[in-house]
Amino acid sequence: MELAQVRELSDQVLDEVEQAVVGKREVLELIFLGFLGDGHVLLEDYPGLAKTLAARSFAQVLGIDFARIQFTPDLMPSDVTGSSIWNQRDSDFEFRPGPIFTNLLLADEINRAPPKTQAALLEAMQERQATIEGVTHRFQPPFLVVATQNPIEYEGTYPLPEAQLDRFLLRTAFGYPTRDGEVDVLTRRIERAADDVELRTVIDRETLLEMQRAVETVHVAESVLEYCVDLVAATRTSQSAAVGASPRGSLALLKLARCRAALQGRDYVLPDDVKAITVPALAHRIVLRPELWVQRITAEDVVQEVLESVPTPRAEDVRPTARQ
């Protein structure tokens with residue numbers, strides 16, 4: 001698939017999803033960058049801001065299998081991965097796959113489940129497989145996780161450990177709509193005379209995989225690679241961070257920057273592509289010093305400081321040469 005086709009299909013996908021999630025094109029693009037980069041997305045936002053709707057809409061428009069798990073304190077790991085059930089007819093155990101065996105998994109309110117259940121996702125998110133009772137089951141690609149959590153409800157929750165946060169390609173939020181955007185939501189509800197929005201399927205699973213492979217052809221100059229590494233290294237030496245981003249952070253910058261370049265219709269990455277995705281790609285990977293919580297300094301603030309302190313490579317030096 002040519003990159004021009006990737007851009008065209010991406011615009012069609014986003015246009016269709018925007019029929020359901022109104023006025024949030026920038027966030028929808030960011031989520032779709034995560035899908036193009038074959039990564040997982042963490043949506044951390046207040047209730048009622050279209051987190052679940054966005055995941056379900058993308059699955060419908062992309063033509064891929066979708067499953068939702070409502071995480072609760074009593075959810076068991078086998079409720080996520082599946083388990084073996086005794087089959088009386090065959091006098092043998094029969095494996096019943098859980099909801100994790102899908103293409104797009106919505107882990108709703110993921111921080112409400114205890115760590116043992118959260119850990120059931122670790123192998124799946126990293127290796128695209130699940131080992132159950134000693135047997136490894138591979139997933140059909142793509143396997144994408146969209147997890148949601150409420151940033152203000154802490155009673156009865158179990159914060160995600162850093163090891164699991166690091167497995168999300170990016171973290172983002174929708175935020176409240178503008179006044180005009182919310183009026184548009186109400187107007188569309190009146191016009192369709194129903195709660196549910198009917199969306200058409202724009203592409204299928206195989207096309208999405210082709211788009212992911214096409215993104216791998218986007219050129220990345222040596223200076224841009226060094227810029228990604230310098231940004232991540234700066235989070236490790238920041239006076240505000242107790243722990244900086246891991247090499248997964250560098251890979252996240254690379255993946256998302258290539259995807260953004262493809263969506264912009266380019267076959268090479270600009271420093272601006274890296275800058276545009278640095279905060280959602282790195283902020284959730286940083287552990288702040290405890291005293292900064294009192295000062296209301298966030299990980300996003302730290303990453304923004306890093307962006308301002310690391311020198312940016314020259315844009316004219318990043319285009320591919322004839323030999324490349």
Side-chain angles (χ1 to χ4, degrees), residues 1 3-70 102-109 142 144-148 150 169-212 214-215 256 259-260 262-265 276-277 280:
M1 180 180 294
L3 289 174
Q5 192 176 0
V6 172
R7 181 185 184 182
E8 180 183 349
L9 291 174
S10 298
D11 286 340
Q12 293 177 21
V13 167
L14 292 168
D15 288 344
E16 190 65 22
V17 174
E18 205 172 15
Q19 298 297 314
V21 184
V22 181
K24 294 295 179 181
R25 180 75 175 212
E26 186 175 341
V27 183
L28 293 177
E29 284 186 1
L30 199 55
I31 295 172
F32 191 57
L33 291 183
F35 295 163
L36 280 183
D38 196 25
H40 312 297
V41 177
L42 177 61
L43 298 177
E44 186 177 85
D45 217 330
Y46 304 121
L49 295 183
K51 301 185 295 296
T52 302
L53 176 62
R56 191 171 64 245
S57 299
F58 267 115
Q60 187 174 350
V61 174
L62 296 175
I64 55 179
D65 291 337
F66 174 75
R68 173 183 176 180
I69 304 175
Q70 184 65 48
T102 188
N103 295 135
L104 178 56
L105 176 70
L106 173 61
D108 219 356
E109 295 185 303
L144 309 166
V145 175
V146 175
T148 72
N150 187 337
L169 189 61
L170 63 94
R171 181 182 66 181
T172 188
F174 283 105
Y176 287 111
T178 63
R179 182 178 182 275
D180 290 342
E182 197 159 357
V183 169
D184 194 15
V185 171
L186 301 183
T187 302
R188 295 188 186 196
R189 172 60 181 82
I190 292 174
E191 291 175 349
R192 66 176 179 267
D195 285 332
D196 294 335
V197 184
E198 294 295 330
L199 300 177
R200 66 183 179 91
T201 300
V202 175
I203 62 175
D204 56 17
R205 186 182 71 88
E206 288 300 329
T207 305
L208 177 59
L209 294 175
E210 286 184 32
M211 294 170 73
Q212 290 178 343
V215 168
L256 291 171
C259 294
R260 186 177 187 274
L263 255 65
Q264 298 288 324
I277 50 84

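All values below come from the heavy atoms of this structure, side chains included, with hydrogens, waters and symmetry mates left out. Given the structure is predicted, the values throughout are model-derived calculations rather than measurements.
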(request) Show the numbers, then the answer: is there a side chain to side chain contact (heavy atoms under 4.5 Å, CB included) between Leu43 and Ile31? (result) CA-CA 9 Å; Leu43 298 177; Ile31 295 172; 3.9 Å; yes

(message) Per the salt bridge (charged side-chain N to carboxylate O under 4.0 Å, His left out) rule, what does the pair list look like for residues 20-35, sequence neighbours excluded?
(response)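 Salt bridge (charged side-chain N to carboxylate O under 4.0 Å, His left out) check on residues 20-35 returns Asp11-Arg25, Asp15-Arg25, Glu18-Arg25, Arg25-Glu29.
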
Are any non-hydrogen side-chain atoms of [X] and [Y] less than 4.5 angstrom apart?
X	Y	answer
Val17	Val202	no
Leu256	Leu169	yes
Arg192	Glu198	no
Val197	Arg188	no
Glu210	Ile203	no
Ile190	Thr187	no

(message) side chain to side chain contact (heavy atoms under 4.5 Å, CB included), that's the test. Do Arg7 and Gln264 meet it? Break it down for me.
(response) CA-CA 7 Å; Arg7 181 185 184 182; Gln264 298 288 324; 6.0 Å; no

Any sub-3.5 Å donor-acceptor pair from [X]'s side-chain atoms to [Y]'s backbone N or O?
X	Y	answer
Glu16	Arg200	yes
Gln212	Phe35	yes
Lys51	Tyr46	yes

[X] side, atom [atom1]; [Y] side, atom [atom2] - distance, nearest 0.5 Å:
X	Y	atom1	atom2	answer
Leu106	Leu144	CG	CG	12.0 Å
Leu33	Ile277	CG	CD1	8.5 Å
Ile69	Asp108	CD1	CG	10.0 Å
Asn150	Glu44	CG	CD	8.5 Å
Met211	Leu9	CE	CG	5.0 Å
Gln5	Glu8	CD	CD	7.0 Å

(request) Output, in order, the C-alpha distance, side-chain angles, deciding distance and verdict of side chain to side chain contact (heavy atoms under 4.5 Å, CB included) for Val145 and Val41. (result) CA-CA 6 Å; Val145 175; Val41 177; over 6 Å; no

(message) One pair to check against side chain to side chain contact (heavy atoms under 4.5 Å, CB included): Thr148 and Asp45. What are the steps and the verdict?
(response) CA-CA 8 Å; Thr148 72; Asp45 217 330; over 6 Å; no

(message) According to ring-ring contact (aromatic ring centres under 6.0 Å, His included), does anything in residues 14-34 pair up with another residue at least two apart or in another chain? List the pairs.
(response)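 Every pair satisfying ring-ring contact (aromatic ring centres under 6.0 Å, His included) with a residue in residues 14-34: there are none.
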
(request) List the atom of Ser10, the atom of Leu263, and the distance in Å for their closest heavy-atom pair. (result)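 Nearest heavy atoms, Ser10 then Leu263: OG-CD1, 3.5 Å.
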
Determine all donor-acceptor pairs shorter than 3.5 Å in which one atom belongs to a side chain in residues 172-183; sequence neighbours excluded.
from   : atom 1 : to     : atom 2 : distance (Å)
Thr178 : OG1    : Gly181 : N      : 3.0

(request) Applying salt bridge (charged side-chain N to carboxylate O under 4.0 Å, His left out), name anything that partners Arg205, two or more places apart in sequence or on another chain. (result)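 Partners of Arg205 under the salt bridge (charged side-chain N to carboxylate O under 4.0 Å, His left out) test: none.
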
(request) Applying salt bridge (charged side-chain N to carboxylate O under 4.0 Å, His left out), name anything that partners Asp195, two or more places apart in sequence or on another chain. (result)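 In terms of salt bridge (charged side-chain N to carboxylate O under 4.0 Å, His left out), with neighbours along the sequence ignored, Asp195 is linked to Arg189.
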
(request) With Val146 as reference, evaluate Leu105, Leu42, Leu104 under the side-chain contact (heavy atoms from CB on, under 4.5 Å) test and give the passing residue. (result)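 One option only clears the test, and that one is Leu104.
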
Please tabulate, one pair per line, all N/O donor-acceptor pairs under 3.5 Å involving side-chain atoms of residues 56-66, not counting sequence neighbours.
from  : atom 1 : to     : atom 2 : distance (Å)
Ser57 : OG     : Leu53  : O      : 2.7
Gln60 : NE2    : Leu199 : O      : 2.8

